[in-house]
Each structure stands twice: as C-alpha cells, then as structure tokens.
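So the structure is just underneath, and the comments pick up after that.
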Amino acid sequence: MSPLAHGLSGAADLPIPLTYALIGAAWALTFSFALLFLAWRRPRLDPDSPGVPLPTPVRRMIDARATRTCLAVASVVVTASVIVVAVFGSSDPALNPVPGVLYIGVWVGVMVASLLFGPVWKIVSPVRAIHRFGCLVLRRPPERGHLRYREEWGYLPAAAGLFSFVWLELAWRAPGSVGSVLAWVLGYLVVTTIGLALFGTVWAERADPLEVYSTLLAHLSAYGRDRAGRPVLRMPLNNLVGTPGLAGSVAVAATLLGSTAFDSFSTFPRWRELVDDLAPVIDATLVRTAGLLVFIAVVGGLFSVAARATGGVSPADRALLPRRLALSLTPIVAGYLIAHYLTFLVEKGQATVLLFADPLDRGWNIAGLADRDVAYVLSSHPSVLATCKVLAVLIGHILGVAAAHDRCLALLPPRHRLTGQLALMLTMVGFTFTGLYLLFGG
C-alpha cells in the first residue's frame, strides 16, 4: 500500500461519537478558560527559568564531539543510502521504502522525537553535517556566510518550504511515487546546501523547513538549555514562550495546521465527488491546491484577525501581535500531529521498515524482515486509539490557551488583558471544534 494512504477514516473507525467528543472539548476548554481567567492573573512563564540540570555524564555525552560526529556521519550515510534506493530500487511505492522514509520517518517520526527530546533535526540534518565538514576544511566558522540573511525574511522561506512538502503530499497527482519523493528530497538538499553556503547557519535556523518545524515542536519538550548553554529540563511551556516571534511565524503555523485540517477534510465523500466532477474541466491537482490554500489562508487569517482584536495598543504594536502570539498555535499543531498521524507512524512505520528486507528489489531478505508482519497494535484497539486522539487534540488546545493567555498578560495593557484576548480564545475554541469534527466526521 502506498505510504500516502493515511487519511483518517473518521467516526466509522473510532467508537467515540462526534457529539461526545465535542461535548468533552467544550467542557475541557470551559474549565481551562475559567481556571486561566480566575487563577492566572499575571505572567508566569519564563524562558530563562533555570530548570533542573541534567546529570554531568548525560550532559557530557550530549555535547561530546564524538557523539555529534557519529550522528553526523550516520545522517549522511542514511541520506545517501535513501537516494541510492530511490534511484536503483523498485519504482513501485508498495515495494520501495523511500516514500515511507520521508512521509513517516522524517515528517512524523523526527517531529514526534523532537517533541520528546528537543531539536532532533538540528542534530541529525545531513546538510548541516556536510556544511560543518566543509567549514572545517575551509577553516571558517559555520555561522559566517557570504551574504547577510535579512531580518524581514524571518521564517518566510521555511513556510514556503513547508508548503512545498504539504503540496506534494496532499495536492500533487502522484504524492507516493518514488520519483516525486526523490525530486522533493533532491530539491530540499540542493536549496538547503546553497542557503547554508551563502548565509551560514542562520539559513538552517530560519529557512530550512524541516529544522524550523522540528525546532518549533522542540520548544514543547522538557529539554532546554540554560543561560550558560548547559542542557536542562524545565516545564515545557517555559520553553515555548522562548519561541522567536519573527516574520512568517503565523505562516509556518497556519501551513502546518491548515494542511492537517485539509488532509482530514479531503477524506469527505463530497470533497472527493467535487474533485471528480471538476476533473474534466480543471485538473485535480489545481482543485486540491486551491482547497489546500483556502484552509491555510483561513487558519492564518482568522488567527491574525483575532490576535489583533484588542484595544490599548499602538498600530505598530497591533501589527506585531500575530507573530508574537503565534507560539500559542504550536501545542495545537503538536496535538493534531499526534492525533492525525498516530496510526500512520506506529503501523505504517512498521510496514516501511519491513520493506528494507529488499530495498533494491533483488530478492533479498535482510535480517529476516520479509518473514515478519505488521503488528496492528492500535487499529486492533479502536477505543484506546480514539481516546488517545481526542486527548491529544484537547491537551494541545489547553496548552495553546495557556500559552496565549500568558503572552497576552505580558503584551497587552492592564485594562485590556482579559477583553483583548477573548477573540483569540474564541478562535481557538473554533479550531478545537472544527478539528474534532474533521477528525471524527470524515
């Protein structure tokens, strides 16, 4: 089966009725609003909180040159192997593991790992590894580039890169084909390599779509660094408020959230019928592209309008509020990542691993993988699966509400701290209800 056949089937597979899910969401969010407005009256989150230092042996292992070198070499070897398998392996995506490596291993696996362990892609990025080696040979600091990265660009290049990926996944006519996946991977490697060579490591931090996504989710992990740069553990929301509010922050979050919503929406029979009905007149790729853009624009537009709906601030400060509050969308993105891709990661991830029994279609059976079967540990327990999905969405939204509330307390004038965030809170409630409807009603 193609790795892209991953859309959630909705209520037919999940035994929790949609009405109950929405009632649960309403109660959870009502409780969180009451708690925040009554008990959380001043900013409490601090990105510079000292946290709990990790044990000295663990810190040394994390920052050891040998550890970083081994990970860098492994990432380059794995990337080269993936390209070889894509070029010389089977062109059938049901037999070639490369699409699964990108869609499951990188797009889902690395991002879930970042939620748990910090900015994983920053450590395992093959392009960063090659760039560091080149700078070592040239005896030049990796941070130094030939050109200056303009501040007003912010995360906009990363947003464009993320859109290119979700467009490939959700709009392109052959998203699971080995050729399409290989083209995106090669384009990503070329663009990121050129960007690092021209601008230095700031390109990876702000323009590399995979690193920006990974780092964004890493701000929700307990892993962080104190002012001296030492690894520590601290409350995830403290890490979250340290997310830079740059140009393109809303575009990145809207692309991630809107594309996930569109992915669920695209399983609705009426949408599929519309695409088929328009096919003789308009290419299906164009129709899906339009739908994807509408979802992203609606998410970004609603959030931006709601973030600005406050009094007591100057026009200049009002214009900056969406990017300064965009961090509150990160928990929502994380919640939908887990809810939408949980089965995809656990079960189709196994299927991808099993394809490495014969990656070049030569009749091999490496490590006896061909003799193994996928263990459907989640699909065989639909009640547990449905509960996990609902909890992921609700926890994500509650954390998002908490982050937004704390930032509003810090950014808005005292007279408008409560009324100024009502539109934002209502918008986030709307995201919750809509997301659960798409998740269970598709």
Side-chain angles (χ1 to χ4, degrees), residues 1-16 82 93-116 120-121 162 165-172 174-178 180-181 184-185 209-210 213-214 217 255-268 272 288 292 295 332-356 372-393 395-396 435-436 438-442:
M1 180 180 293
S2 171
L4 266 198
H6 69 268
L8 299 179
S9 300
D13 294 336
L14 304 173
I16 295 180
V82 166
L95 301 175
N96 195 309
V98 169
V101 170
L102 178 63
Y103 290 121
I104 303 172
V106 176
W107 187 249
V108 183
V110 167
M111 303 313 161
V112 172
S114 298
L115 272 173
L116 299 175
V120 170
W121 190 253
L162 289 168
F165 182 90
V166 298
W167 178 84
L168 169 68
E169 181 189 13
L170 303 175
W172 179 239
S177 75
V178 178
S180 297
V181 170
W184 191 91
V185 170
L210 297 180
Y213 187 13
S214 171
L217 293 177
T255 299
L256 295 171
L257 191 56
S259 63
T260 305
F262 176 73
D263 195 2
S264 292
F265 175 75
S266 63
T267 66
F268 279 55
R272 292 181 175 181
R288 289 191 291 265
L292 177 61
F295 269 76
I332 301 175
V333 170
Y336 281 112
L337 171 70
I338 300 298
H340 192 75
Y341 293 111
L342 183 60
T343 312
F344 191 54
L345 174 64
V346 174
E347 297 180 353
K348 294 192 176 177
Q350 296 178 59
T352 296
V353 172
L354 297 183
L355 289 177
F356 278 99
R372 299 179 179 271
D373 296 318
V374 174
Y376 294 97
V377 293
L378 293 178
S379 296
S380 59
H381 298 86
S383 297
V384 174
L385 175 59
T387 302
C388 290
K389 291 174 181 289
V390 172
L391 287 177
V393 173
I395 291 173
L436 285 172
L438 293 174
L439 189 65
F440 288 87

Practice prompt. Decide yes or no for Trp172 and Ser180: does some side-chain heavy atom of the first lie under 4.5 Å from some side-chain heavy atom of the second?
Written response: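 In contact.
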Intermediate values then yes/no, side chain to side chain contact (heavy atoms under 4.5 Å, CB included), Ser266 and Arg288: CA-CA 9 Å; Ser266 63; Arg288 289 191 291 265; over 6 Å; no
Heavy-atom closest contact ([X] atom, [Y] atom, distance):
X: Leu355; Y: Ala94; value: CD2-O, 3.4 Å
X: Glu347; Y: Ala375; value: CG-O, 4.1 Å
X: Pro99; Y: Pro93; value: CG-CB, 4.3 Å
X: Leu217; Y: Leu115; value: O-CD2, 3.6 Å
X: Leu337; Y: Met111; value: CD2-CB, 3.9 Å
X: Leu345; Y: Val112; value: CD2-CG2, 4.1 Å

_Determine whether Phe268 and Leu438 satisfy the following criterion, side chain to side chain contact (heavy atoms under 4.5 Å, CB included), listing intermediate values before the conclusion._
CA-CA 9 Å; Phe268 279 55; Leu438 293 174; 4.0 Å; yes
Would you check if the side chain of [X] reaches a backbone N or O of [Y] as a donor-acceptor pair within less than 3.5 Å?
X: Tyr103; Y: Pro175; answer: yes
X: Thr267; Y: Asp263; answer: no
X: Ser214; Y: Leu210; answer: no

Next on the checklist: Using the rule given for ring pair (Phe, Tyr, Trp, His ring centres under 6.0 Å), can you reason through Tyr213 versus Trp107, listing the C-alpha separation, both sets of side-chain angles and the distance that settles it, and then say yes or no?
Outcome noted: CA-CA 9 Å; Tyr213 187 13; Trp107 187 249; 5.0 Å; yes
Got a second to check how far [X]'s [atom1] is from [Y]'s [atom2], nearest 0.5 Å?
X: Phe344; Y: Leu378; atom1: CZ; atom2: CG; result: 13.5 Å
X: Thr255; Y: Leu162; atom1: OG1; atom2: CG; result: 6.5 Å
X: Thr343; Y: Tyr376; atom1: OG1; atom2: OH; result: 11.5 Å
X: Phe265; Y: Thr260; atom1: CZ; atom2: OG1; result: 15.0 Å
X: Ser177; Y: Leu168; atom1: OG; atom2: CG; result: 7.5 Å
X: Asn96; Y: Thr352; atom1: CG; atom2: OG1; result: 10.0 Å

Criterion side chain to side chain contact (heavy atoms under 4.5 Å, CB included) on Val106 and Trp121, from CA distance to verdict: CA-CA 9 Å; Val106 176; Trp121 190 253; 4.2 Å; yes
* To do: Verify side chain to side chain contact (heavy atoms under 4.5 Å, CB included) between Leu102 and Val185, making sure each step is shown before the conclusion.
  => CA-CA 8 Å; Leu102 178 63; Val185 170; 4.3 Å; yes
